[in-house]
Amino acid sequence: MTNPNEIKALLHLLDDPDELVFSTVSARIVSLGTNIIPNLEDFWLTAEDEHVQQRIENLIQRVSLTEIKSKFSEWEKEANTGKSSLYEAMKLLCQYAHPNVKENKIDRTLKNMHRSCWLELNNYLTPLEEVHIINSIVYSMYKFTADRNSLKDQNTYYLCDVLESRKGNQYTMAMLYLIVTQMLDIPIFAMKISNFIVMGYVSNLYDFNDPNKNTKATTQFFIEPTEGTILSRQDVDSFIKKYDVKIDDNSFTPLKNKEFVYHYTHALSRAYSQAGDEDRAQDVFSIVKDLLPDDD
């Protein structure tokens, strides 16, 4: 446990004009982890110097980022074993923008959404019927909406903000949809087609003529995440042809959780860059830069 007197002394050195002193003090503060954040916030309220306040804000961001990167490293290890939760990754990302985010509030909203869906589903429904029920709850009951042009707005990328405002973009709506369907054990996966995200209902097909043959995953239909529109492969192909969308061999491959998080955070990083906030753009990129190879 950190000595309260040490914390007090460290905080009062934040206005030291000597950069070497400040560097040493800030390194020690960062090493104390997120438990120091309430002290920093209290000190910010009493600080009269704007320069000191800015230093405190930057330190809170550094402390939070260091903690998140450490937790993401652990999350990645679980991802490599197939045990990672998209939900946990998105909660970690929320903590970057909102260090004091109340996890229980996020949990409560998503558990309510899960329960609403679960009460309407049963084992006798077809995949299309399952998706119609989920769509009615996500887009009608809870009134989530998305703006296709909001990819440049970094505030639409954080799960906590989306749950609060009920507004997002194609990535965040796909993320929310995936979290809910993963909680329900429904085989819906994200797929990246050029700069677009779609979701697919993926099931395993068995060759009954050759029971020893491996099952083959096939996408029964696609779901457009901003409105939940159900699309056939022909619909998707027509869209690709109409807008000359570039596709490759991986375009219709279901994304694993860590692959989705990788593309998701790259989109968020680009949003920060376009807003002129290169520091945050680099922060976000640094969180997940090791999730996939550099040449992915």
Side-chain angles (χ1 to χ4, degrees), residues 75-76 78-93 110 113-114 117-118 121 123 125-135 137-139 144 146 148 151 157 159 162 168-206 214-237 239-240 245-268 288 291-293 296:
W75 182 88
E76 182 186 3
E78 292 188 355
N80 291 331
T81 64
K83 297 179 181 179
S84 66
S85 163
L86 179 60
Y87 183 22
E88 290 303 319
M90 290 300 116
K91 285 200 294 186
L92 284 176
L93 199 58
L110 284 168
M113 291 180 67
H114 166 263
C117 293
W118 180 80
L121 296 170
N123 294 331
L125 297 173
T126 66
L128 277 172
E129 288 171 335
E130 289 178 339
V131 169
H132 280 306
I133 288 172
I134 295 168
N135 284 352
I137 290 168
V138 172
Y139 302 102
F144 282 96
R148 290 182 177 85
L151 286 171
Y157 282 88
L159 176 60
V162 174
N169 58 50
Q170 62 167 317
Y171 274 97
T172 49
M173 288 308 301
M175 172 267 293
L176 180 64
Y177 208 101
L178 290 170
I179 289 174
V180 172
T181 52
Q182 284 180 10
M183 293 170 73
L184 293 164
D185 290 324
I186 292 176
I188 290 175
F189 295 85
M191 300 172 188
K192 192 169 188 297
I193 303 174
S194 186
N195 293 324
F196 299 94
I197 287 287
V198 297
M199 298 175 295
Y201 193 107
V202 180
S203 59
N204 291 322
L205 290 185
Y206 295 84
N214 291 334
T215 60
K216 181 181 179 181
T218 184
T219 303
Q220 294 195 27
F221 54 84
F222 299 89
I223 306 160
E224 193 282 317
T226 62
E227 296 178 347
T229 305
I230 295 173
L231 307 169
S232 67
R233 178 60 189 258
Q234 289 74 22
D235 293 329
V236 175
D237 288 342
F239 175 84
I240 289 171
V245 176
K246 304 301 180 184
I247 64 172
D248 56 37
D249 293 340
N250 296 319
S251 292
F252 292 95
T253 302
L255 297 175
K256 297 177 181 177
N257 281 341
K258 78 171 190 174
E259 293 169 334
F260 178 80
V261 172
Y262 176 85
H263 293 302
Y264 188 98
T265 47
H266 270 243
L268 173 56
V288 293
L291 285 181
L292 290 178
D296 182 86

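What you see is a predicted model; the values in this text were computed from it and never measured. Reckoned from all heavy atoms, side chains included, excluding hydrogens, waters and symmetry mates.
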Identify the two heavy atoms, one from [X] and one from [Y], that lie closest to each other, and give their separation to 0.1 Å.
X: Lys256; Y: Glu259; result: N-OE1, 2.8 Å
X: Val245; Y: Ser194; result: CG1-CB, 3.4 Å
X: Leu86; Y: Met175; result: CD2-O, 4.1 Å
X: Leu255; Y: Lys192; result: CD1-N, 4.1 Å
X: Gly200; Y: Met191; result: CA-CE, 4.0 Å
X: Pro225; Y: Val198; result: CD-CA, 4.2 Å

What distance do [X] atom [atom1] and [Y] atom [atom2] have between them, rounded to the nearest 0.5 Å?
X: Asn257; Y: Gln182; atom1: CG; atom2: CD; result: 4.5 Å
X: Ile247; Y: Ile240; atom1: CD1; atom2: CD1; result: 5.0 Å
X: Phe189; Y: Phe260; atom1: CZ; atom2: CZ; result: 12.5 Å
X: Lys246; Y: Ser251; atom1: NZ; atom2: OG; result: 12.0 Å
X: Ile193; Y: Asp248; atom1: CD1; atom2: CG; result: 10.0 Å
X: Phe221; Y: Ile188; atom1: CZ; atom2: CD1; result: 6.5 Å

Problem set entry | Distance-only polar pair, side chains of Thr218 and Gln220, donor-acceptor under 3.5 Å |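 No.
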For this session: Please work out which of the three classes, parallel, tilted or perpendicular, describes the rings of Tyr264 and Tyr157, given edges at 30° and 60°.
Result: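 Plane angle over 60°, so perpendicular.
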For this session: Decide if the gap between the ring center of Phe252 and the ring center of Phe222 is smaller than 6.0 angstrom.
Result: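 Phe252 vs Phe222: aromatic centres under 6.0 Å.
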Counting C-beta onward and ignoring hydrogens, is there a side-chain heavy-atom pair between [X] and [Y] closer than 4.5 Å?
X: Ile137; Y: Ile133; result: yes
X: Met113; Y: Phe144; result: yes
X: Leu93; Y: Leu159; result: no
X: Pro127; Y: Tyr201; result: yes
X: His266; Y: Tyr262; result: yes
X: Leu176; Y: Leu110; result: yes
X: Thr181; Y: Met199; result: no
X: Ile197; Y: Met173; result: no

For this session: Step by step, work out the side-chain contact (heavy atoms from CB on, under 4.5 Å) result for His132 and Leu125.
Result: CA-CA 10 Å; His132 280 306; Leu125 297 173; over 6 Å; no
For this session: List the steps, then state whether side-chain contact (heavy atoms from CB on, under 4.5 Å) holds for Met90 with Val261.
Result: CA-CA 8 Å; Met90 290 300 116; Val261 172; 4.0 Å; yes
Exercise. How far apart are the C-alpha atoms of Phe196 and Glu224, what are their side-chain angles, what is the distance that settles it, and do they pass the side-chain contact (heavy atoms from CB on, under 4.5 Å) test?
Worked result: CA-CA 10 Å; Phe196 299 94; Glu224 193 282 317; over 6 Å; no
Exercise. Is atom CG of Asn195 surrounded by more than 12 heavy atoms (other residues, nucleotides or ligands) closer than 6.0 Å?
Worked result: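 No - once you tally the heavy atoms of other residues, nucleotides and ligands closer than 6.0 Å, there are 12 at most.
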For this session: Ignoring hydrogens and angles, tell me if any N or O in the side chain of Trp75 forms a donor-acceptor pair with the backbone of Ser85 under 3.5 Å.
Result: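 At least one qualifying donor-acceptor pair exists.
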Exercise. Between the main-chain N or O of Ser232 and the side-chain N or O of Asp235, is there a donor-acceptor pair closer than 3.5 Å?
Worked result: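 Looks like yes, one N/O pair under 3.5 Å.
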For this session: Any chance you could lay out the side-chain contact (heavy atoms from CB on, under 4.5 Å) test for Ile223 and Val131, step after step, and finish with the verdict?
Result: CA-CA 9 Å; Ile223 306 160; Val131 169; 4.0 Å; yes
